[in-house]
Every structure is written in C-alpha cells, then in structure tokens.
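Before I ask anything, let me first share the structure, which is written out below as structure tokens.
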Amino acid sequence: MDRRAELGEFLRSRRARLRPEEIGLPPYGGRRRVPGLRREELAQVAGVSVDYYVRLEQGRTEHVSQAVLDAVARALRLDPDERLHLGNLARPHRPDGVPRPPQRVLPGLQRLLDSMADVPAYVVGLGTRVLAWNRLAAALITDFGALQPDRRELARLVFLDEAARELYEDWEGKARDVVAYLRLDAGRHPGDAGLSALIGELSIGSRDFARLWAGQEVRDKTRGGYVFRHPAAGRLELAYETLRLPDDPDQALIAYTVEPDSPSRAALLLLAGCTQRFAREDHQQAR
C-alpha cells in the first residue's frame with residue numbers, strides 16, 4: 001500500500017462528506033465539480049495555506065507539524081479513530097518497507113484462553129490474523145486449526161468463505177467492521193508487505209471488499225455485538241469486548257459475552273457442552 005496515495009485518498013474522502021454550510025462557510029453559487037469541500041475551503045477553515053494543504057494531500061509530509069494535523073483533523077471533523085489514522089499515515093512510526101518480527105502468543109495467554117470454557121475468545125494480530133483461540137471460538141466461528149497458519153485472517157474468512165455469509169445475520173455490518181479495522185491496521189503499518197498482499201488479494205477476489213475498501217472507513221475494534229446463525233446452536237446474540245496487550249498493541253484478545261438467562265445463553269452453553277464432550281473424547285482416544 002502506497003502511504004502517500006492512501007493519505008491523499010483519505011483526506012479527499014473526508015472533504016467529500018462535508019458541505020460548506022456545515023462548517024460555517026457560505027455556499028458559493030454554481031455547480032460544484034466535486035462533492036463536499038474544495039481544497040481552498042478546507043485550508044481556510046484549518047488556517048493553513050492552500051499550497052500547504054495541497055502538499056499534505058499529495059503525501060508530502062516530511063515537515064508537517066502536529067499542530068497542522070490537528071487543525072486539519074478539526075476542520076474535517078474527524079473522530080478519534082480517524083485522527084489516529086491521519087497521524088499514522090502522515091507520520092508513520094516504522095519506515096516503509098521495514099519488516100516487523102513475527103507475532104507470537106505467549107503460553108500464558110493461550111492457557112488463559114483455554115480456561116475460558118464457556119466464553120468464545122481468540123487473539124487477533126496484525127492484518128486480522130487469528131493467532132490463538134479456544135475451543136468454543138473455533139466451534140462458534142470456524143475451525144481455525146484446520147486452516148494454514150498464513151490463511152487465518154478474519155478478513156479472508158469474511159470475504160472469501162461463503163459460510164461466513166450464512167454465519168453472520170448482518171453480514172454487511174460485519175464486513176464493514178472488518179474493512180474499517182483492517183484499514184486502521186494498514187495505517188499503522190503502511191509499508192507492511194503481508195498487509196499489502198492481503199489487501200490486494202481481497203480487492204481482486206471480492207467485489208464487496210473492493211467496494212467497502214473504497215469507502216475509506218476507519219474504525220478500531222473495541223466493543224460491540226453480532227448476531228450469529230450457527231448451524232448447530234441456532235441464533236445467538238453475542239456482545240464482544242476487546243482487550244489489547246500492553247506489550248504488543250497489534251495483538252488484541254476478543255471475548256464474546258451473552259445476556260444471562262437468555263435464549264442465546266442457553267444456546268451458547270449447549271455449544272460449550274458439545275465442545276467439552278468432544279475434548280474428552282479426543283483425550284480418551286489419545287490415551
């Protein structure tokens with residue numbers, strides 16, 4: 001992914017969603033060639049020269065100050081995730097093309113996952129790759145262990161596996177969340193070859209991904225919920241919470257919860273009971 005091109009596309013998409021009157025500017029007469037704000041209007045509201053802003057949209061950020069980025073973010077009415085994304089693109093923490101070491105899950109974290117017998121939980125890393133999981137997460141979503149380690153990205157699962165379209169009741173909402181999170185990830189590591197390859201593969205292999213990727217949505221994975229239509233357990237309404245690892249912010253533990261005394265709780269307990277029975281049978285066969 002070209003960081004400079006991505007920065008320009010992101011800024012232009014955010015200009016396009018604003019009208020002059022929304023930010024206190026009088027609308028000019030005549031037909032506007034492009035939707036939203038013109039560059040000169042955005043520069044005026046941000047308090048920077050048009051030339052300076054044009055250079056920013058062109059990705060020429062060598063000497064851009066944090067004050068300018070903050071002013072542009074305010075003018076564009078960016079939310080916290082969008083502000084973070086703008087900063088990552090304008091002032092990357094890791095030089096383009098510099099690889100990062102492989103991500104690994106510590107044994108203690110895997111033991112924590114395994115101890116959560118009635119809570120579906122997994123660890124997601126850079127590029128939506130699932131790095132670790134417990135039995136209930138595999139039973140709920142997919143058998144991650146049956147996939148090749150380099151094919152365990154949630155983004156690939158959601159867009160290239162037809163079963164995922166049946167699993168999520170609101171597949172479009174899930175797909176938007178995955179794309180928005182993947183773009184935030186790509187902004188943190190704009191020169192990562194693996195991320196670029198994944199985005200390229202999905203853009204070619206899925207029209208839905210290409211459509212959503214063009215929307216430039218950016219959103220972190222913090223908390224929320226999905227409705228699952230599980231082939232064995234039926235309909236489950238689950239909420240999730242995200243816990244980031246302090247020593248690797250690119251790793252996050254995702255844990256699903258359910259309302260007590262609800263039909264979804266009963267369905268989840270049924271699924272958990274099946275996984276525990278299968279685990280005992282596997283253990284007995286291995287002895």
Handout entry: Residue that, paired with E169, satisfies side-chain hydrogen bond (donor to acceptor under 3.5 Å, both in side chains) out of R229, R235, K174
Key = R235
Handout entry: Ring centres under 6.0 angstrom apart (F228, Y256)
Key = yes
Exercise for the section: Apply side chain to side chain contact (heavy atoms under 4.5 Å, CB included) to V158 and R165, showing your working. Expected result: CA-CA 7 Å; V158 167; R165 292 181 181 268; over 6 Å; no
Practice task
Not counting sequence neighbours, which residues clear salt bridge (Lys or Arg N to Asp or Glu O under 4.0 Å) with R151? List them please.
Solution key: E201
Practice task
Look at D51 together with R55 and state whether they make a salt bridge at an N to O cut-off of under 4.0 Å.
Solution key: yes
Practice task
Just say parallel, tilted or perpendicular for the rings of F144 and Y122, cut-offs at 30° and 60°.
Solution key: tilted
Problem - Point-to-point distance, once rounded to the nearest 0.5 Å, from CG of L243 to CG of L109 - result: 10.0 Å
Handout entry: Shortest non-hydrogen separation from T242 to A252 and the atoms involved
Key = CG2-CB, 3.7 Å
Problem - Side-chain donor-acceptor contact under 3.5 Å, H189 with D250 - result: yes
Exercise for the section: Could you tell me whether a side-chain N or O of E237 sits under 3.5 Å from a main-chain N or O of R265, the two making a donor and an acceptor? Expected result: no
Problem - Y53 and L42: CA distance, side-chain angles, deciding distance, side chain to side chain contact (heavy atoms under 4.5 Å, CB included) verdict - result: CA-CA 8 Å; Y53 178 73; L42 191 281; 3.3 Å; yes
Handout entry: Where at least one partner belongs to residues 191-211, residue pairs that pass ring-ring contact (aromatic ring centres under 6.0 Å, His included), sequence neighbours excluded
Key = F159-F209, F209-W213
Exercise for the section: Could you tell me whether the side chain of N134 and the main chain of L113 form a donor-acceptor pair under 3.5 Å? Expected result: yes
Practice task
Taking Q251 for its side chain and R244 for its backbone only, find out whether a donor-acceptor pair lies under 3.5 Å.
Solution key: no
Handout entry: H230 side-chain N/O to A139 backbone N/O, donor-acceptor pair under 3.5 Å
Key = yes
Problem - Nearest heavy atoms of S206 and L160, plus distance in Å - result: CB-CD2, 4.3 Å
Fill in the blank from the handout: From the list D177, D185, D79, salt bridge (Lys or Arg N to Asp or Glu O under 4.0 Å) with R219 holds only for D177
Problem - R14 and Q216: side chain donor to acceptor below 3.5 Å - result: no
Practice task
For G194 and D192, work out which heavy atoms get closest and say how close.
Solution key: N-OD2, 3.1 Å
Handout entry: Result of checking T61, L89, L78, L56 against L69 for side-chain contact (heavy atoms from CB on, under 4.5 Å)
Key = L56
Practice task
May I ask you to decide if L147's main-chain N or O and R152's side chain share a donor-acceptor pair within less than 3.5 Å?
Solution key: yes
Problem - Closest heavy-atom pair and its distance - G127, L195 - result: CA-CD2, 3.5 Å
Fill in the blank from the handout: Between R4 and the options E62, E57, E9, the salt bridge (Lys or Arg N to Asp or Glu O under 4.0 Å) test singles out E62
Fill in the blank from the handout: All heavy atoms of D220 vs all of D81, minimum pair found to be N-OD2, 3.0 Å
Problem - Between CG on residue L236 and CG on residue L268, distance to nearest 0.5 Å - result: 6.0 Å
Practice task
I would like to know whether Q58 and V54 meet side chain to side chain contact (heavy atoms under 4.5 Å, CB included); could you show each step before the answer?
Solution key: CA-CA 6 Å; Q58 292 173 343; V54 168; 3.6 Å; yes
Fill in the blank from the handout: Shortest non-hydrogen pair, I199 vs A186, comes out as CD1-CB, 4.1 Å
Handout entry: Expected output: side-chain Q110 to main-chain W133 donor-acceptor under 3.5 Å
Key = yes
